[in-house]
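First listed ligand is number 1; within each ligand, the first listed atom is number 1.
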Amino acid sequence: MESVSIRDVATTAGVSVGTVSNVLNHPAKVSPATVDRVHAAIDQLGFVRNDAARQLRAGASRAVGLIILDGSNPFFSDLARGAETAAEQAGRVVLLGNSDQQGQREAHYLDLFEQNRVLGILISPVGDVTERLARLRRRGTPAVLVDRQAGLTPFSSVSVDDVRGGHLAVEHLVEIGRRRLAFVGGPLGLQQVADRLDGARAAARSADAEVTLEVVEVPGLTVEHGRAAAAELMARPRTERPDGIFAANDLVAMGVLQSLVMLGDLRVPGDVALIGYDDIDFARAAVVPLSSIRQPSTLIGRTAMDILQDEIDDPTREPRRVVFAPELVVRASTVPGSPPTS
Ligand code: RIB
């Protein structure tokens, strides 16, 4: 489909090309009525600014876009490093956007990457971006999902098996004799969190002994959310407290651990065993080295970028789904005396 030019917009709106350029770059110079008329023509024609043309004239490198869920989470910085390594080997650069798990920010970065004609996009989606990514692909910009299984969508994806990961975490807590378990994570609308909980529930159900698994949903996967959730759990009478906690990621687990340690009268893992997810570097450096479910974050980023490069070079390629196996890493927060470096 021939791309829509600024001249097409000018003709449709009944103004000059210069006026359209002013609406896009200096709207204050144009009357509100004309601005509205030009934007109506842009929407009607599906015009997308071509900032990349200016970049190309300036000799800028060709870029690929990466949108991560949480810029403060080392899991995603490790993933981004893997993607950058693969991109640089192909002579390309990565434009990084952080959605902060907000749909509006995610949409803003998708607009920005589209305007800058990036060659392709890696995205760890907040919500359902299937239609938006399909439209981008129709305009020649492929996308690969990272940290998310593509499911019924027509895209390639690279992730771990989060259901298996959740199962491993609870299996381990049961194996060390814990029976009153709590899952701390959320929002449950985030696919990777929901999958981890599904696996955790399956492991609790299939345990030989009587195991209870309480769900403490939190609005986000941060240290603060973990700290607050653990403070509530531990405010209960001893007999009503969990003796094992599975945190949906290591940041939440670090917050839980801080609450447990600050309480002063609780031993980890003696009174409460704790396991996280991701195995970020801080996990092994925690005051009580954290057991975790390891994701190959750098490999996820590198593999996804390699797949994206192939789809940039050949848009007719069939989608590929790579699902890595999660790995249980045992440290002192569940088994005393375990080496922190594993
Ligand atoms: O940001 C959400 C979580 O999902 C991360 O900690 C990582 O586990 C990702 O899979």
Side-chain angles (χ1 to χ4, degrees), residues 66-83 96-103 105-106 109 122-129 144-151 157-170 183-200 216-227 229 245-257 274-286 290-304 321-329:
L66 167 60
I67 304 178
I68 59 175
L69 268 179
D70 177 358
S72 65
N73 186 340
F75 166 81
F76 287 106
S77 43
D78 293 343
L79 186 152
R81 190 174 299 116
L96 179 64
N98 168 30
S99 66
D100 250 349
Q101 287 184 213
Q102 295 169 35
R105 289 176 60 93
E106 180 176 73
Y109 280 109
L122 297 183
I123 180 168
S124 177
V126 176
D128 180 2
V129 288
V144 173
L145 305 185
V146 287
D147 181 41
R148 175 68 52 80
Q149 295 193 37
S157 64
V158 182
S159 65
V160 295
D161 180 345
D162 282 311
V163 174
R164 178 71 191 131
H167 200 284
L168 279 175
V170 165
F183 172 86
V184 178
L188 297 184
L190 202 59
Q191 192 59 51
Q192 48 270 59
V193 174
D195 287 351
R196 291 168 202 171
L197 177 55
D198 285 350
V216 179
E217 183 175 7
V218 291
L221 291 167
T222 66
V223 171
E224 182 43 43
H225 289 115
R227 192 187 299 132
I245 296 176
F246 168 29
N249 78 356
D250 286 345
L251 295 182
V252 171
M254 307 286 281
V256 168
L257 182 60
L274 171 64
I275 186 165
Y277 203 104
D278 293 338
D279 194 30
I280 60 177
D281 288 345
F282 294 125
R284 67 176 67 92
L290 194 61
S291 295
S292 188
I293 302 298
R294 177 173 293 160
Q295 294 206 66
S297 46
T298 306
L299 180 59
I300 290 172
R302 199 165 60 244
T303 305
R321 310 293 167 83
V322 176
V323 181
F324 290 109
E327 179 194 350
L328 169 64
V329 180

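Using a 3.5 Å distance cut-off with no hydrogens or angles, the side chains of Ser292 and Asp250 do pair a donor with an acceptor. Between Asn98 and Tyr109, the side chains place no donor N or O within less than 3.5 Å of an acceptor N or O (distance only, hydrogens not considered).
Listed by chain and number, Asn73, Phe75, Phe76, Asp147, Gln192, Arg196, Leu221, Asn249, Asp278, Gln295 each place a non-hydrogen atom less than 4.0 angstrom from ligand 1.
Among residues two or more places apart in sequence or in another chain, the salt bridge (charged side-chain N to carboxylate O under 4.0 Å, His left out) test is passed with Arg227 by Glu224. Every residue was checked against the salt bridge (charged side-chain N to carboxylate O under 4.0 Å, His left out) condition with Arg321, not counting sequence neighbours, and none meets it. With sequence neighbours excluded, the residues satisfying salt bridge (charged side-chain N to carboxylate O under 4.0 Å, His left out) with Asp281 are Arg284.
Within the cation-pi definition used here (under 6.0 Å to the ring centroid, within 45° of the axis), Arg196 does not qualify as a partner of Phe246.
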